[in-house]
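Notes follow once the structure below has been shown.
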Amino acid sequence: MNAPARRAQAWAAIGEVTDPELDQSVTELGFITEFEVDAIRGDVSVAYRLPTYWCAANFAFMMGNDMAERLGELTWTQHVSVRLLDHFYANEINRGLADNASFQDTCGHEASGGLTELRATFRYKAFMSRQERLMGWLLAHGVCRETLVAWTVADLAAYTLTDARGLHLRERYLAMRRSHTPGDFSGQGYRGDGREIAFVTAAGKAIAADDLDAHRRHIQSIRMNSEFNATLCSRVLAVRQREVASTDSAAGQALAR
Amino acid sequence: MYTAPDGEQYFIIDGHIHYWDASKANQKNRHGEEFVNCFHDYQKGLSPDEYIWGDEKFRNYGRETMLDDLFVDGYDDMAIFQPTYLKDFYHEGFNTTERCDLIKQEFPERFILNGSFDPRDGAAALDYIDYLVDDYQIAGIKLYTAEWKGQSRGWSLNDDWSYRCLEHCQKRGIKNIHIHKGPTILPLDRDAFDVKDVDHVATDFPELNFIVEHIGLPRLDDFCWIATQEPNVYGGMAVAMPFVHARPKYFGRIMSELLFWIGEDRILFGSDYAIWHPRWLVEQFVDFQIPTEMVEDTGIQLTPDIKRKVLGENAARLYGIDIEAKKKALAGDAFATAEVA
């Protein structure tokens with residue numbers, strides 16, 4: 001693999017990491033402010049900055065830790081460095097990231113356990129938000145409720161879509177639906193065979209057509225919460241980026257090239 | 001008082017304002033600078049352009065600006081001081097009861113003064129509550145669970161001393177407890193915005209009212225659930241208000257949810273001044289209608305009567321204010337004259 005290909009692969013790898021609260025990729029959100037790849041030596045160096053100095057420390061740690069893990073999984077990487085900038089807990093988090101320490105070890109007495117439970121909570125929220133968005137789109141574009149609730153994963157995947165928005169929403173939902181055991185958001189490996197029901201409750205149960213409105217009302221509230229943070233974060237991030245625009249690191253997009 | 005273009009009148013009690021000093025001279029460390037920067041970014045990110053200030057003014061806007069913005073340029077009839085101490089970040093504190101009291105003394109009819117306590121002070125917190133009640137006649141309490149103190153980065157309403165402080169408030173006749181939820185960061189492995197501790201205190205202190213600022217967002221679903229179970233839980237609209245401008249459709253959904261779950265009697269307007277200016281918030285809120293397709297879906301509308309409750313009547317009930325008597329008391333003061341002029 002040549003150097004540009006490795007660079008692109010590394011960028012794609014960190015792009016898989018999402019902000020747990022917003023369920024959006026850290027690269028799309030513009031969080032990455034430094035991205036250096038020495039393809040020959042296998043060194044990757046990443047720095048990230050969050051919308052405010054006060055972003056929750058556990059989310060900040062999770063994102064850094066996930067990026068380091070994704071990069072470490074690439075066959076050619078030797079030394080991976082991920083650093084958090086301009087954050088109240090940056091020193092502690094960066095020490096933890098450099099030592100590849102667990103969150104508990106990083107935080108010492110300030111944490112009372114690992115992040116497993118929190119991660120599962122956010123996977124559940126992401127699953128439900130993605131489902132809500134896709135269902136809403138499909139219902140608004142001619143799919144009837146009875147059909148929708150009866151679809152298997154294979155039916156959903158085979159349904160003819162041409163609209164870019166629809167395709168995007170389906171891809172995002174299927175990525176989670178295919179990789180999670182119904183009712184289990186612990187992140188254990190799971191591969192369905194396509195015959196499972198496409199749209200299920202958090203417990204993995206099929207939804208009756210008559211219950212669809214109540215189900216949607218419930219999951220809409222989850223989406224409303226993430227929309228609040230997403231709006232606040234994106235607005236604040238835009239302000240912050242305008243103000244650091246003079247530095248060469250501002251445009252996340254340019255970093256990928 | 002705000003008179004809408006259609007002639008409807010609204011008595012405004014701004015449920016959440018600050019009188020802070022975040023000037024360089026008062027900043028203790030980098031956190032002080034970053035704290036006020038974060039507030040300022042909120043202002044810049046969610047206000048109409050003409051309401052965005054420069055750095056210096058935002059750090060310390062002073063008495064004149066505040067009085068003018070609230071009562072002359074803005075439509076507030078009354079405003080509630082919600083102190084935020086932050087003594088680990090600012091030498092004299094960010095916005096203390098003592099500082100707010102200087103203004104309250106000058107204009108006692110216009111302001112409601114709330115105090116604060118920190119349960120991590122232990123027994124001293126009880127003495128401090130006594131001092132605030134006896135010397136400042138505070139009307140309520142504002143709590144900030146994400147405040148740093150030495151090694152501690154926050155506390156929970158369920159902590160032992162928190163309970164003792166709340167018991168003491170109840171004993172001293174304080175009824176209204178405003179809670180600003182996080183982002184709390186301790187313990188760090190927990191959900192930073194969790195509001196479930198409100199549920200326990202609301203059950204255990206039925207005589208107190210708990211006003212959850214920014215309506216529990218981003219945990220609106222949990223907040224609505226708790227408020228549905230606990231009749232003494234209220235929602236403060238600070239921070240959610242500016243969404244009326246930034247994301248009107250989303251704001252419509254928030255209002256629909258709140259009205260559906262907790263109803264029109266338990267929602268309180270707050271500008272969070274000086275982050276946001278009450279003038280445009282009130283104008284846009286009064287002008288706002290829940291989008292038609294949402295109304296068709298839920299049947300919930302935001303009528304002038306509901307807006308009157310949110311903008312003033314609900315807070316008046318909590319703080320024992322007779323609006324008609326208050327209108328008379330305010331009619332001749334310096335601000336009423338300035339408004340007319």
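Each chain gets a letter, A, B and so on, in the order the sequences are listed, and its residues count up from 1. The model shown is predicted, which means the values in this text are computed figures rather than measured ones.
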Is there a side-chain contact (heavy atoms from CB on, under 4.5 Å) between F243(B) and T231(A) once you walk through the steps?
CA-CA 9 Å; F243(B) 281 72; T231(A) 304; 3.6 Å; yes
Go through the steps for W54(A) and H31(B) under the test side-chain contact (heavy atoms from CB on, under 4.5 Å), then give the verdict.
CA-CA 9 Å; W54(A) 303 103; H31(B) 303 315; 4.0 Å; yes
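Only the side chain of F260(B) comes within contact range of chain A, with at least one heavy atom under 4.5 Å from a heavy atom of that chain.
Listed by chain and number, the residues in a side chain to side chain contact (heavy atoms under 4.5 Å, CB included) with S234(A) amount to none (sequence neighbours excluded). Residues meeting the salt bridge (Lys or Arg N to Asp or Glu O under 4.0 Å) test with K149(B), sequence neighbours left out: D121(B).
Contact annotation: the side chain of F88(A) never approaches that of R30(B) to less than 4.5 Å [non-hydrogen atoms, C-beta and beyond]. Residues N225(A) and L217(B) form a side-chain contact, since some pair of their non-hydrogen atoms from C-beta on lies under 4.5 Å apart. For the pair Y42(B) and V239(A), the minimum side-chain heavy-atom distance is 4.5 Å or more.
Residue G45(B) comes nearest to R235(A) through the heavy atom pair O-CD, 3.2 Å, listed as atom of the first residue, atom of the second, then distance.
Listed by sequence position, A246(B), R247(B), Y250(B), R253(B), I254(B) are the residues of residues 246-254 of chain B in contact with chain A, using a 4.5 angstrom heavy-atom cutoff.
Comparing L232(A), T52(A), L237(A) by heavy-atom pairs within less than 4.5 Å of chain B, the highest count is held by L232(A).
Other residues, nucleotides and ligands place no more than 12 heavy atoms under 6.0 Å from the CH2 atom of W225(B). For W261(B), the CH2 atom counts as loosely surrounded, since its 6.0 Å shell holds 12 or fewer non-hydrogen atoms of other residues, nucleotides or ligands. The environment of E56(B) atom CD is sparse: at most 12 non-hydrogen atoms of other residues, nucleotides or ligands sit within 6.0 angstrom.
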Residues 211-218 of chain A, side-chain donor-acceptor partners within the protein, below 3.5 Å, at least two apart:
| unit_1 | atom_1 | unit_2 | atom_2 | d |
| --- | --- | --- | --- | --- |
| H215(A) | NE2 | Q131(A) | OE1 | 2.8 |
| R216(A) | NH2 | E132(A) | OE2 | 3.1 |
| R217(A) | NH2 | E257(B) | OE2 | 3.2 |

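Between D221(B) atom CG and K125(A) atom NZ the span is 6.5 Å, to the nearest 0.5 Å.
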